[in-house]
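Below is one structure, written out as structure tokens, with a few remarks after it.
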Amino acid sequence: MTMPVSDLPLWVVMAVSTFLLLGSGLTLLGAIGLLRLPTFYQRIHAPTLGTSWGTGAIMLASILYFSIVGSRAVLHEILIGVFVTLTTPVTLILLARAALHRDRTEGNTSVPSANPPQDQP
């Protein structure tokens, strides 16, 4: 039997609302950073905030809400968090390496060289 939404305890409503606001705020901050930062290398860092901490907070709100409403533990949202947490850094690294390779091939001097100079004693 499920609990009607209107009968939720106040602490559940407050906790779910807090997690949703926190998660959506962090996701918005990541999106604004993606739009506002000037270079590609700076822009690839901003969305990771929204996909890691933002998704985590929204996931916690979902787990809490559906566990209370359904009167049973709902944990399958954890899979979403695990997949997002694993795929975001890998995608970031692949994008950064592809851009770095492209910039080095084009001779862009603003990126580090492939072979940094060695300090000789």
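Since this is a predicted model, take the numbers as computed values, not measurements. Nothing fancy with the numbering, it's 1 onward along the sequence. Side-chain atoms are counted along with the backbone in the values below, which use heavy atoms only and exclude waters and symmetry mates.
Arg43 contributes no side-chain N or O that, together with a main-chain N or O of Leu35, makes up a donor-acceptor pair within less than 3.5 Å.
Each of Val69 and Leu60 belongs to its own hydrophobic cluster when Ile, Leu, Val, Met, Phe, Trp and Tyr are linked at side-chain heavy-atom distances under 4.5 angstrom. Under the 4.5 Å side-chain heavy-atom criterion for ILVMFWY residues, no single connected hydrophobic cluster contains both Leu8 and Leu10. The hydrophobic cluster containing Val84 does not contain Ile78, counting ILVMFWY residues as joined when their side-chain heavy atoms lie under 4.5 angstrom apart, directly or transitively.
If you take CZ on Phe66 and NE2 on His76, they are separated by 8.0 Å, rounding to the nearest 0.5 Å. How far CG of Leu28 is from CG of Leu21: 11.5 Å, rounded to the nearest 0.5 Å. To the nearest 0.5 Å, atom CG of residue Leu37 and atom CD1 of residue Ile44 are 11.0 Å apart. With rounding to the nearest 0.5 Å, the separation of CG in Leu29 from OG in Ser24 is 11.5 Å. Note that CG of Leu100 and CZ of Phe40 are 10.0 Å apart. Values are rounded to the nearest 0.5 Å. Taking CD1 from Ile58 and CD1 from Ile63, the interatomic distance works out to 12.5 Å, rounded to the nearest 0.5 Å.
Taking a 6.0 Å sphere around CZ of Phe83, one finds it holds 12 or fewer heavy atoms contributed by other residues, nucleotides or ligands. Under a cut-off of 6.0 angstrom, the local environment of NE2 in His45 is crowded, with over 12 non-hydrogen atoms contributed by other residues, nucleotides or ligands.
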Item to check | Audit row: Glu106, Asp103, side chain to side chain contact (heavy atoms under 4.5 Å, CB included) steps and yes/no | outcome: CA-CA 5 Å; Glu106 291 175 352; Asp103 288 344; 4.2 Å; yes

